[in-house]
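Remember, predicted model here, so these are calculated numbers, not experimental data.
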Amino acid sequence: MSAPALFDRVRAIALQLPEVEEGTTYGTASLRVRGKFFSRIREDGETLVLKTDFETQDFLLQAYPDIYYITDHYKGYPYILVRLSAVGADELREQVERAWRLTAPKKLVAQYD
């Protein structure tokens with residue numbers, strides 16, 4: 001799958017969630033909810049930066065090191081890097097929705113539920 005097609009998978013999932021907006025961050029395609037960043041494609045076109053919480057970050061890094069990783073740049077921040085070519089559709093959907101839920105206002109999440 002080509003690099004643009006990889007992010008198209010993410011975009012299709014995210015745009016099903018309320019009030020998701022497309023934009024750019026650091027020169028690459030990104031996703032926001034009510035102006036707050038929760039995901040972007042990295043410059044390599046194959047890696048997704050995704051908001052998470054530290055507990056989930058630790059779990060994913062240990063349980064699925066072939067899919068999830070972080071670089072020194074992201075240590076200490078609530079983000080995880082996702083190898084889009086390695087992640088399954090259901091897992092990707094779950095993590096994109098989790099990132100949206102962590103970023104969206106509580107009222108918007110409650111309305112969605």
Side-chain angles (χ1 to χ4, degrees):
M1 191 175 291
S2 69
L6 290 172
F7 190 69
D8 285 345
R9 289 174 54 202
V10 176
R11 181 183 290 116
I13 293 166
L15 291 176
Q16 293 177 7
L17 299 166
E19 298 191 36
V20 170
E21 309 153 354
E22 296 182 71
T24 58
T25 302
Y26 299 111
T28 63
S30 68
L31 300 164
R32 301 172 186 276
V33 58
R34 291 207 181 158
K36 293 183 179 180
F37 168 83
F38 70 92
S39 182
R40 80 174 182 96
I41 192 76
R42 289 193 75 198
E43 294 76 9
D44 66 8
E46 299 175 0
T47 306
L48 185 68
V49 178
L50 202 55
K51 187 170 188 171
T52 191
D53 56 65
F54 290 110
E55 183 178 324
T56 302
Q57 181 190 67
D58 289 343
F59 171 77
L60 293 174
L61 290 171
Q62 290 179 24
Y64 306 103
D66 54 325
I67 299 172
Y68 300 100
Y69 70 103
I70 58 172
T71 61
D72 287 343
H73 177 79
Y74 290 98
K75 284 186 180 169
Y77 293 96
Y79 293 97
I80 195 149
L81 302 175
V82 184
R83 291 179 181 94
L84 288 174
S85 61
V87 68
D90 291 341
E91 177 71 10
L92 182 60
R93 180 174 305 283
E94 180 181 331
Q95 297 308 325
V96 168
E97 184 173 325
R98 180 188 309 271
W100 176 84
R101 287 176 176 279
L102 288 168
T103 309
K106 287 181 172 70
K107 273 187 168 182
L108 184 59
V109 173
Q111 288 171 355
Y112 176 68
D113 288 340

query = Counting N and O atoms only, with roles assigned by atom type, does the side chain of Arg9 sit under 3.5 Å from a partner on the main chain of Leu84, one being a donor and the other an acceptor?
reply = yes
Side chains of Leu60 and Gln95: does their closest heavy-atom pair fall under 4.5 Å?
yes
task = Taking Glu21 for its side chain and Gly35 for its backbone only, find out whether a donor-acceptor pair lies under 3.5 Å.
result = yes
Are the side chain of Arg83 and the backbone N or O of Pro65 linked by a donor-acceptor pair below 3.5 Å? yes
Output for pair (Ile70 CD1, Lys75 NZ), nearest 0.5 Å, gives 6.0 Å
Closest non-hydrogen atoms of Ile41 and Phe7, given as atom of the first, atom of the second and distance, are CB-CD1, 3.7 Å
Interatomic distance, OG1@Thr47 vs CD1@Ile80, rounded to 0.5 Å, equals 12.0 Å
Taken to the nearest 0.5 Å, the spacing of Leu61 CG from Ile67 CD1 works out to 11.5 Å
After noting the C-alpha distance and the side-chain angles of Glu22 and Leu15, does the key distance pass the side chain to side chain contact (heavy atoms under 4.5 Å, CB included) rule? CA-CA 9 Å; Glu22 296 182 71; Leu15 291 176; 3.6 Å; yes
query = Centroid-to-centroid, Phe37 to Tyr26, below 6.0 Å?
reply = no
Nearest heavy-atom approach of Ala14 to Leu31 is CB-CD1, 3.5 Å
Apply salt bridge (Lys or Arg N to Asp or Glu O under 4.0 Å) to residues Asp90 and Arg93 and explain how you reach the verdict. CA-CA 5 Å; Asp90 291 341; Arg93 180 174 305 283; 5.3 Å; no
- [ ] Determine, stepwise, if the pair Arg101 / Asp53 fulfils salt bridge (Lys or Arg N to Asp or Glu O under 4.0 Å).
- [x] CA-CA 11 Å; Arg101 287 176 176 279; Asp53 56 65; over 6 Å; no
ring-ring contact (aromatic ring centres under 6.0 Å, His included) pairs touching residues 45-77, sequence neighbours excluded, are none
Check: Pro18 main-chain N/O paired with Trp100 side-chain donor or acceptor under 3.5 Å: yes
* With distance as the sole test, does Ser39 use its side chain to make a donor-acceptor pair with the main-chain N or O of Val49 at under 3.5 Å? -> yes
Between the CG atom in Leu81 and the CZ atom in Arg42, the distance rounded to the nearest 0.5 Å is 5.5 Å
Distance col, row Gln62:CD vs Gln57:CD, nearest 0.5 angstrom, shows 10.5 Å
Taking every heavy atom of Leu92 against every heavy atom of Val87, the minimum-distance pair comes out as N-CG2, 3.8 Å
Requested in this report: Kindly say whether Glu43 contributes a backbone atom to a donor-acceptor pair with the side chain of Thr28 at under 3.5 angstrom?
Outcome: no
Applying side chain to side chain donor-acceptor pair (under 3.5 Å) to Ser30 and not counting sequence neighbours gives Thr25
Less than 4.5 Å apart, any side-chain heavy atom of Ile13 and any of Glu97? no
Practice prompt. Output, in order, the C-alpha distance, side-chain angles, deciding distance and verdict of side chain to side chain contact (heavy atoms under 4.5 Å, CB included) for Val33 and Leu17.
Written response: CA-CA 9 Å; Val33 58; Leu17 299 166; over 6 Å; no
Taken to the nearest 0.5 Å, the spacing of Leu102 CG from Lys51 NZ works out to 6.5 Å
